[in-house]
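Structure record follows, encoded as structure tokens.
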Amino acid sequence: ELGHGSWGTIYGVEDNPSVVLKVARNSEASFPSLAEVDILFRIQSPYVLAGDQIHAPGDFLGLTSASMAIERADGSFEDLIPSLGTIEKGYLFSHYVMGIQDLHEAGYYHLDLSIYNLMYKNDPNYPYHLRGLVIDFGAAIPFIPGHSLNVTTSMARTTCNYASPDAITS
């Protein structure tokens, strides 16, 4: 077990270290939201976590819940901060901004954007060999460009008393 959230638990995959398996906590939960599935599997951005495969209950020995294989991150931005200089921090932060921009261009608000949902991958194709990834789209909702509404108070979706910066308007 690598971690857990409100919908499921994240496990490493022995025979494929490039992905993790996100497993529903119970057999009644098929997937956290259609928005999360759409984001993981449709948005093609190097800065947004990518989905690999969807698995029905029973696809794996002993699993009675639905699961998704998703791109594996190498660590959290929060844990990496102490070892980075100002330029490297800014470089990675620019990836998170581009990831959120890609999410908005696809028509979604993240709604749970915090340091805990910013990860990185060691990637030799990028300067400093780091690529920032925005993760965890379970609270994401679609929006209609040009229309403003109060998305943070319509229902409890994320951390209490928290307003995601990507949903705040002037």
Side-chain angles (χ1 to χ4, degrees), residues 1-13 16-25 29-55 65-84 88-143 151-152 156-160 162-168:
E1 181 178 323
L2 300 174
H4 61 277
S6 61
W7 178 78
T9 305
I10 305 291
Y11 296 96
V13 179
N16 189 350
S18 67
V19 299
V20 294
L21 195 63
K22 185 174 185 178
V23 180
R25 286 190 192 279
S30 57
F31 288 103
S33 74
L34 291 177
E36 180 166 27
V37 173
D38 185 44
I39 291 165
L40 288 170
F41 290 90
R42 184 177 60 84
I43 296 177
Q44 301 294 309
S45 168
Y47 313 113
V48 173
L49 191 74
D52 185 65
Q53 289 183 305
I54 296 176
H55 302 283
S65 298
S67 62
M68 294 185 288
I70 55 179
E71 178 180 11
R72 182 181 188 139
D74 292 319
S76 73
F77 181 53
E78 179 183 33
D79 292 340
L80 193 61
I81 287 174
S83 67
L84 296 177
E88 291 90 351
K89 288 176 194 171
Y91 170 77
L92 265 182
F93 190 77
S94 74
H95 288 184
Y96 304 131
V97 170
M98 288 185 282
I100 292 301
Q101 180 179 353
D102 291 340
L103 199 64
H104 288 180
E105 287 175 1
Y108 286 101
Y109 285 123
H110 189 284
L111 291 191
D112 196 17
L113 187 59
S114 70
I115 196 163
Y116 306 109
N117 290 328
L118 303 177
M119 304 291 279
Y120 72 91
K121 282 192 73 81
N122 295 309
D123 191 329
N125 297 314
Y126 288 81
Y128 312 109
H129 296 235
L130 295 170
R131 176 169 49 100
L133 285 171
V134 177
I135 68 161
D136 193 356
F137 310 105
I141 62 168
F143 69 90
V151 295
T152 57
R157 302 181 68 85
T158 62
T159 308
C160 292
Y162 173 76
S164 179
D166 68 324
I168 296 172

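Leu118 CG to Asp136 CG: the interatomic distance, rounded to the nearest 0.5 Å, is 11.0 Å. Separation of atoms CG (Leu34) and CD1 (Ile141) is listed at 14.0 Å; rounding is to 0.5 Å. Put simply, OH on Tyr91 and CZ on Arg131 are 9.5 Å apart, with the number rounded to the nearest 0.5 Å. Remark: Tyr120 OH to Glu88 CD distance equals 13.5 Å, nearest 0.5 Å. The NE2 atom of His95 lies 9.0 Å from the CG atom of Asp123; values are rounded to the nearest 0.5 Å. The line from NZ of Lys22 to CG of Leu2 is 13.0 Å long, rounded to the nearest 0.5 Å.
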Stepwise, does the side-chain contact (heavy atoms from CB on, under 4.5 Å) test hold for Ile100 with Leu103? CA-CA 5 Å; Ile100 292 301; Leu103 199 64; 4.1 Å; yes
Please lay out, stage by stage, how Tyr128 and Leu84 fare under the test side-chain contact (heavy atoms from CB on, under 4.5 Å). CA-CA 10 Å; Tyr128 312 109; Leu84 296 177; over 6 Å; no
Working for side-chain contact (heavy atoms from CB on, under 4.5 Å), residues Ile81 and Lys89: CA-CA 7 Å; Ile81 287 174; Lys89 288 176 194 171; 3.8 Å; yes
Give the intermediate values and the outcome of side-chain contact (heavy atoms from CB on, under 4.5 Å) for residues His104 and Tyr109. CA-CA 6 Å; His104 288 180; Tyr109 285 123; 4.0 Å; yes
Quiz: residues 45-53 side-chain donor-acceptor pairs under 3.5 angstrom, not counting sequence neighbours:
| from | atom 1 | to | atom 2 | distance (Å) |
| --- | --- | --- | --- | --- |
| Ser45 | OG | Tyr47 | N | 3.1 |
| Ser45 | OG | Asp102 | OD2 | 2.5 |

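In this structure, His110 contributes its side chain and Ile135 its backbone to a donor-acceptor pair below 3.5 Å. Using a distance-only test at 3.5 Å, with no hydrogens or angles considered, a donor-acceptor pair links the side chain of Asn117 to the main chain of Asp112. A donor-acceptor pair under 3.5 Å links the side-chain atoms of Asp74 to the main chain of Asn122, judged by distance alone.
For the residue pair Ala73 and Met119, the shortest heavy atom distance occurs at CB-CB, 3.6 Å. Ala69 and Phe41 make their closest contact through O-CZ, 4.3 Å (heavy atoms, listed as atom of the first residue, atom of the second, distance). For Ala140 against Ala35, the heavy-atom pair with the smallest separation is O-CB, 3.5 Å.
Annotation: side chain of Arg72 is not in contact with side chain of Ser18 (no heavy-atom distance under 4.5 Å).
Checked against Phe77 for a side chain to side chain contact (heavy atoms under 4.5 Å, CB included), the options Ile115, Leu133, Val134 give a single hit: Ile115. Each of Val37, Leu21, Val19 was evaluated against Met68; a single residue qualifies, Val37, per the side chain to side chain contact (heavy atoms under 4.5 Å, CB included) test.
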